[in-house]
Amino acid sequence: MLASTEFDALFPPDLPEPGHWEERYPPRQLPAGAEVTRLGPSPTGFMHIGTIYIAMIDRDIAHRSGGRYLLRIEDTDQSRQVEGALDQFARAFGYFDLAPDEQEGDGDYGPYHQSQRSAIYMSYARQLLRENKAYLCFATSEELADIRKRQQAAKLPPGYYGEWAIWRDAPDDEVRRKLAEGTPCVVRFRSPGVPGRRVEFGEAIRGQLSAEDNFNDVVILKSAGPADRLPTYHFAHAVDDHLMRVSLVIRGEEWLPSVPMHLQLFAALGFEPPAYAHTSLLMKQIPGGKRKLSKRKDPEASVDFYIQAGYPARAVLYYLRGLASGSLAELPLDEALAAPIRLADLGGAGPLIDQVKLEDISADHIATLRNAQILAAMRHWAASYDPELASVLEAEQDLALAALAVERDGVENPRKDLRKWSDFRSAYGFFFPGLFTPVRAGDERLGSLPADLVRAFAADFVAGYQDTADPQEWFGQIRDLAAKHGFAASAKQYKQAPDEYPGSIREASQLIRVALTGSTRSPDLASVARVLDRDEVVRRVSALTQ
RNA sequence: GGCCCCGUCGUCUAGUGGCCCAGGACGCCGCCCUCUCAAGGCGGUAGCGCCGGUUCAAAUCCGGUCGGGGCUACCA
């Protein structure tokens with residue numbers, strides 16, 4: 001093994017000792033039982049909905065226990081960095097109201113970007129080197145690929161261990177020569193594990209687990225520039241979660257297999273390991289089965305998908321909460337959002353994201369909102385995602401409120417035709433003259449009714465139109481005209497002798513419906529007509545006569 | 001391949017040895033309401049992966065098996 005001074009020469013001369021960081025980041029003064037949780041997203045693209053899922057759990061557990069929930073940006077892979085990712089993170093936290101208690105610029109345990117913590121990682125790596133708990137490895141990617149190939153051929157576990165760990169016990173002179181040549185190297189952890197040995201550890205969701213101990217000499221410091229070397233996830237996890245005094249690490253299940261290795265790292269560094277909870281992965285249904293929601297392939301994996309479509313944040317949170325804990329899904333939304341999430345209630349199996357269920361929940365939620373609340377949310381959403389609609393809503397707020405009141409105010413079961421804000425245009429857009437194009441006779445939406453009949457009916461309707469507030473009376477106008485123009489009085493009657501009528505009262509109503517709403521499906525016509533007001537009704541039905 | 005996690009209706013789940021020939025929600029189907037939708041009401045469809053074992057009794061405990069998912073990078 002090289003002398004300490006030789007290792008020291010690999011790092012900046014003024015690099016502090018670990019003790020410095022221990023003092024700089026003292027244990028937190030928190031009540032007993034308080035949990036400190038952390039969210040560690042990587043800015044390698046849009047935020048995954050699973051990240052919001054975990055953030056919700058992180059915050060819930062931290063706050064309920066009197067602890068803190070912090071955000072650490074895990075940007076140790078500069079090559080995968082994506083422009084604008086941080087902005088999107090902020091947008092996502094804002095939308096779901098999951099802002100962390102502590103993050104860059106707001107907290108005593110920063111920096112909260114791993115790329116800015118290089119000196120810290122190097123201090124601890126140097127310490128491990130001096131203690132012979134880590135070593136320098138000069139293996140090239142070609143050599144590593146070759147090792148892997150041979151291991152595969154020999155049906156051996158892949159990895160850097162035993163005889164394959166060519167630099168683990170390399171002669172000092174060999175190491176010195178490579179160093180002198182300036183050959184790039186990484187720092188590897190000298191794993192104390194041996195193949196076949198088992199370890200046990202507790203896990204907050206799954207209980208007591210056991211696994212084969214890690215015997216892989218994982219990379220802890222990557223080889224990039226000598227000035228500020230960056231750590232791998234594993235090393236950063238141990239160092240940061242210790243120094244940030246995190247007590248509970250909640251992360252995705254994909255990390256479960258590396259727990260034995262992480263435990264070795266904590267032990268080698270002399271750190272108390274945190275408690276672990278590994279949430280099951282959110283899955284997507286695919287033809288052959290299911291797989292984890294993929295950032296690359298699945299638009300619904302992105303938080304932006306939910307924000308753009310305009311699913312209310314509370315509905316999404318409620319849905320995710322139900323996934324986390326089945327009993328919470330049985331509770332009404334407000335109660336469920338207020339109830340605690342217990343780690344032990346989380347399932348071990350990965351749930352399929354069910355868009356239809358989310359829409360049902362969302363529609364139910366929107367149905368409970370007051371018209372003014374919906375309008376406010378709509379305007380906020382439209383400002384970003386539908387500017388034309390935004391300006392219409394801005395100009396016609398009273399009309400919007402009146403439209404939203406249709407079959408929602410003063411009824412026992414309110415309309416549920418809004419599942420997300422982007423539904424508004426198709427469900428309510430027709431109320432606004434600026435968004436409505438009058439329908440003319442011959443339009444295919446009118447079905448098979450002869451154009452002449454449509455014109456005559458519309459002309460009669462306009463001529464005698466009474467803007468009455470009584471729905472029965474209002475529909476009476478259509479009934480009378482339907483009879484006059486030879487429509488059957490009921491669908492049943494029409495069905496019995498379809499050749500004798502152009503249609504029934506149903507088709508007659510449909511004619512007016514299409515004229516007023518541009519659609520064959522709409523809310524109660526009499527109510528719609530009241531909101532549109534007399535002139536607009538006449539204008540729209542008159543269009544049919546042209 | 002090796003290691004790890006998981007396995008109740010199509011989906012999310014309740015269920016911690018008798019209360020379960022398995023309950024709820026979403027979906028789907030039917031009926032009712034009805035000027036069309038969205039709803040709402042009523043009814044229905046559908047599941048303990050399989051095989052052994054323990055037990056008076058198993059969805060529940062044990063073993064095996066099969067299946068699904070994850071990990072196996074100087075990505076996180």
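Residue numbering restarts at 1 for every chain, and letters A, B, ... go by the order of the sequence lines.
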If we take the C1' atom in both U55(B) and G68(B), what is their distance in whole Å?
31 Å
Touch class at under 4.0 angstrom, heavy-atom based, for A529(A) against every strand present
nothing
Given G70(B), G24(B), A73(B), which nucleotide is nearest the side-chain atoms of E330(A)?
G24(B)
Counter-base of G10(B), judged by Watson-Crick or G-U geometry with both distances under 3.5 Å
C26(B)
Which nucleotide wins on minimum distance to the side chain of L256(A), given the candidates G69(B), A76(B), C4(B)?
C4(B)
Measure from the side-chain heavy atoms of P158(A) and tell me the nearest of G1(B), G70(B), G68(B).
G1(B)
Hey, does A329(A) reach any base, or is it just sugar-phosphate, or nothing, if we go heavy atoms under 4.0 Å?
nothing
Closest-nucleotide ordering on RNA chain B, the 5'-leading residue of S327(A) and G40(A)
S327(A)
Return the value, rounded to whole Å, for the distance between atom CZ of R148(A) and atom C1' of A73(B).
6 Å
NA contact type, V186(A), heavy-atom cut-off 4.0 Å: base, sugar-phosphate, or nothing?
base
Spacing between Q151(A) atom CD and G2(B) atom P, to the nearest angstrom:
15 Å
By the 4.0 Å heavy-atom rule, please label R198(A) as base, sugar-phosphate, or nothing.
sugar-phosphate
Nearest whole Å is fine: how far is A25(B) P from Y318(A) OH?
12 Å
Would you sort out whether T232(A) and V218(A) count as a side chain to side chain contact (heavy atoms under 4.5 Å, CB included), showing the intermediate values?
CA-CA 9 Å; T232(A) 55; V218(A) 293; 5.9 Å; no
Heavy-atom nearest nucleotide on RNA chain B taken for L144(A) and for A324(A); more 5' hit belongs to A324(A)
Heavy-atom contacts under 4.0 Å between residues 351-359 of chain A and RNA chain B, which residues?
P351(A), L352(A), D354(A), V356(A), K357(A)
Nucleotide G68(B), atom C1' - distance to CD of Q285(A) in whole Å
12 Å
Which part of the nucleic acid, if any, lies within contact of L221(A), taking any heavy atom under 4.0 Å across all strands shown: a base, the sugar-phosphate backbone alone, or nothing?
nothing
Considering only heavy side-chain atoms of A349(A), the closest of U11(B), C6(B), A76(B) is C6(B)
Which protein N or O atoms sit under 3.5 Å from an N or O of nucleotides 46-50 of chain B?
none

Take R117(A) and Y112(A), measure what side chain to side chain contact (heavy atoms under 4.5 Å, CB included) needs, and give me the verdict at the end.
CA-CA 8 Å; R117(A) 300 170 65 81; Y112(A) 293 85; over 6 Å; no
Tell me the interatomic distance from R321(A), atom CZ, to A25(B), atom C1', rounded to whole angstroms.
18 Å
I need a per-nucleotide contact map over nucleotides 35-40 of chain B, read 5' to 3'. Cutoff is protein heavy atoms under 4.0 Å; write B for the base, S for backbone only, - otherwise.
BBBBBS
Let me know which of E359(A), Q355(A), H365(A) forms a side-chain contact (heavy atoms from CB on, under 4.5 Å) with R419(A).
E359(A)
Looking only at side-chain N and O atoms, does S79(A) come under 4.0 Å of OP1 or OP2 in C75(B)?
no
Per E212(A) side chain, nearest of listed nucleotides C12(B), C5(B), C3(B):
C3(B)
Using only side-chain N and O atoms of K292(A), determine if any of them is under 4.0 Å from OP1 or OP2 of G68(B).
no
Is U72(B) paired to anything, Watson-Crick or G-U wobble with both distances less than 3.5 Å, and if yes, which nucleotide?
G1(B)
Rounded to whole angstroms, how far apart are CG on D213(A) and P on C3(B)?
15 Å
Scan S141(A) against the nucleic acid and name what it touches under 4.0 Å (heavy atoms): base, sugar-phosphate only, or nothing.
nothing
